[in-house]
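Structure first, commentary second.
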Amino acid sequence: MKIYDISQEIPTCEVYPGDPAPEITPLKRIAEGGTSNLSAFSMCAHNGTHVDAPFHFYADGRTIGEMPPEYFVGLVYVAECRGDISAADAKGILDKAQDAERILIKGDAVISIEAAKVFAKADLKLLGNESQTVGSEKNHMEIHKILLGAGMTIMEGARLYNVPEGKYFLNAMPINLGAIDGAPCRAVLIEFE
């Protein structure tokens, strides 16, 4: 069985422009006479590889703590794309994905408004990409609203460069931070034999 870790390391992860970067603070160190090594950390819920809940853009949307675990765990299709993803591209990805209720988009790709509408109608549980946001910086809010408004979750910041296109088993359970808008996750893909 081959397992792909598609998560960013938190201390060196990408950060969306304007968001606070992660900070790790050593509290105790054995090398300095401490009884153990102990650290504290702070970060934005949307740093590195993370998932967005509908509450991110909807005041009455489900929070991370309210999202069912099956949204983050199960069959996923990894599709390789470059450039702007059109509605026709989105339909092609959905055709390839067949029964997968989760889709990850590999490559330097931007989800267009038209593609987001196609994905929103597909009853997906999760849609993810490699960028720190879906869509471009100029239209990311509208893309988020279309996708999250359909009830799905979004994964951003995945690392898929060494993952071939195809079907996998995904485990991208977020940290249960309760009633907030997003959370980091340690995402892995398991290859089918």
Self-check item: Expected output: side-chain Glu130 to main-chain Gly107 donor-acceptor under 3.5 Å
Solution: yes
Quiz prompt | Donor-acceptor contact below 3.5 Å, side chain Asp95 vs main chain Gly92 | solution = no
Quiz item: In Å and rounded to the nearest 0.5 Å, what is the NZ to CG distance from Lys117 to Leu147?
Solution: 11.5 Å
Quiz item: Would Arg102 count as a cation-pi partner of Tyr168, with NZ or CZ less than 6.0 Å from the six-membered ring centre and within 45° of the ring normal?
Solution: no
Quiz item: Per the side chain to side chain donor-acceptor pair (under 3.5 Å) rule, which among Arg186, His50, Gln132 passes with Gln8?
Solution: Gln132
Quiz item: Taking only residues two or more places apart in sequence or in another chain, which ones pass salt bridge (charged side-chain N to carboxylate O under 4.0 Å, His left out) with Arg29?
Solution: none
Quiz item: Please walk me through it: do Phe72 and Met67 pass side-chain contact (heavy atoms from CB on, under 4.5 Å)?
Solution: CA-CA 9 Å; Phe72 311 104; Met67 295 300 293; 3.7 Å; yes
Quiz item: Taking side chain as C-beta onward, heavy atoms only, is Tyr16 less than 4.5 Å from Asn47?
Solution: no
Quiz item: Do Cys44 and Pro20 come close enough that some side-chain heavy atom pair is under 4.5 Å?
Solution: yes
Self-check item: Which residues share a salt bridge (charged side-chain N to carboxylate O under 4.0 Å, His left out) with Lys96, sequence neighbours left out
Solution: Glu165
Quiz item: Looking only at heavy atoms, what is the nearest atom pair of Pro164 and Tyr4, with distance?
Solution: CD-OH, 3.5 Å
Self-check item: Side chains of Leu126 and Ile103 in contact at under 4.5 Å (non-hydrogen atoms)
Solution: no
Exercise. Taking all heavy atoms of Ile143 and all of Gly135, pick out the closest pair and write down the distance.
Key: CG1-CA, 3.9 Å
Quiz item: Counting only heavy atoms not in Asp108, do more than 12 sit closer than 6.0 Å to its CG atom?
Solution: no
Quiz prompt | Counterpart residues, salt bridge (charged side-chain N to carboxylate O under 4.0 Å, His left out), relative to Glu70 (two or more places apart) | solution = none
Exercise. Report yes or no: does Ser36 contribute a side-chain atom to a donor-acceptor pair with the main-chain N or O of Leu38 at less than 3.5 Å?
Key: no
Quiz prompt | Flag side-chain contact, heavy atom, 4.5 Å: Met1 against Ile3 | solution = yes
Quiz item: Shared ILVMFWY cluster between Tyr77 and Leu160, side chains joined below 4.5 angstrom?
Solution: no
Practice problem: Name all residues meeting the salt bridge (charged side-chain N to carboxylate O under 4.0 Å, His left out) criterion together with Glu142; count only those two or more places apart in sequence or in a different chain, and write none if there are none. | Solution: none
Quiz item: Closest approach of Ala97 and Lys167, non-hydrogen atoms and distance?
Solution: O-CE, 3.2 Å
Practice problem: Following the transitive rule for hydrophobic clusters with a side-chain heavy-atom cut-off under 4.5 Å over Ile, Leu, Val, Met, Phe, Trp and Tyr, establish whether Leu104 and Met152 coincide in one cluster. | Solution: no
Quiz item: With a 4.5 Å limit on heavy-atom distance, are the side chains of Val188 and Ile6 in contact?
Solution: no
Self-check item: Verdict with supporting geometry, His56 and Leu148, side-chain contact (heavy atoms from CB on, under 4.5 Å)
Solution: CA-CA 8 Å; His56 188 30; Leu148 296 172; 4.0 Å; yes
Exercise. Is it possible for you to check whether Lys125 lies under 6.0 Å from the centre of the six-membered ring of Tyr71, through NZ or CZ, and within 45° of that ring's axis?
Key: yes
Quiz item: Quick one: are Ile154 and Val51 in side-chain contact, heavy atoms under 4.5 Å?
Solution: no
Practice problem: Compare every heavy atom of Pro11 with every heavy atom of Ile24, then report the nearest pair and how far apart it is. | Solution: CD1-CG, 3.4 Å
Quiz prompt | Side-chain heavy atoms of Ile64 within contact of Asp52, under 4.5 Å | solution = no
Exercise. State plainly whether one hydrophobic cluster holds both Ile111 and Phe57, where clusters connect Ile, Leu, Val, Met, Phe, Trp and Tyr through side-chain heavy atoms under 4.5 angstrom apart.
Key: yes
Exercise. Please name the pair of heavy atoms, one in Thr49 and one in Ser7, separated by the smallest distance, quoted to 0.1 Å.
Key: OG1-CA, 3.3 Å
Quiz item: Are Leu75 and Glu101 close enough that some pair of their side-chain heavy atoms sits under 4.5 Å apart?
Solution: no
Quiz item: Are Thr25 and Phe41 close enough, and set up right, to give a side-chain contact (heavy atoms from CB on, under 4.5 Å), and what steps lead you there?
Solution: CA-CA 6 Å; Thr25 306; Phe41 72 93; over 6 Å; no
Exercise. Using the salt bridge (charged side-chain N to carboxylate O under 4.0 Å, His left out) rule, collect all pairs that involve residues 154-164, keeping only residues at least two apart or in two chains.
Key: Glu14-Arg159
Exercise. Show the numbers, then the answer: is there a side-chain contact (heavy atoms from CB on, under 4.5 Å) between Phe55 and Asp60?
Key: CA-CA 6 Å; Phe55 184 64; Asp60 61 348; over 6 Å; no
Cut-off 3.5 Å, no hydrogens considered: what does the side-chain donor-acceptor table look like for residues 169-185, sequence neighbours left out?
from	atom 1	to	atom 2	distance (Å)
Asn171	OD1	Met173	N	3.2
Asn176	OD1	Gly178	N	3.0
Asp181	OD2	His46	NE2	2.4

Self-check item: Distance, nearest 0.5 Å, that separates CE of Met141 from CD1 of Ile146
Solution: 12.5 Å
Quiz item: Would a distance-only check, ignoring hydrogens and angles, find a side-chain to backbone donor-acceptor pair under 3.5 Å from Lys106 to Val163?
Solution: yes
Quiz item: CG/Asp89 to SG/Cys81 distance, rounded to the nearest 0.5 angstrom?
Solution: 6.0 Å
Exercise. Please report the shortest heavy-atom distance between Ile10 and Met43, naming the atom on each side.
Key: CD1-CE, 3.6 Å
Quiz item: With the 4.5 Å side-chain cut-off for hydrophobic clustering, are Ile85 and Val110 part of the same group?
Solution: no
Quiz item: Do Val134 and Leu124 belong together in a cluster built from hydrophobic side chains that touch within less than 4.5 Å?
Solution: yes
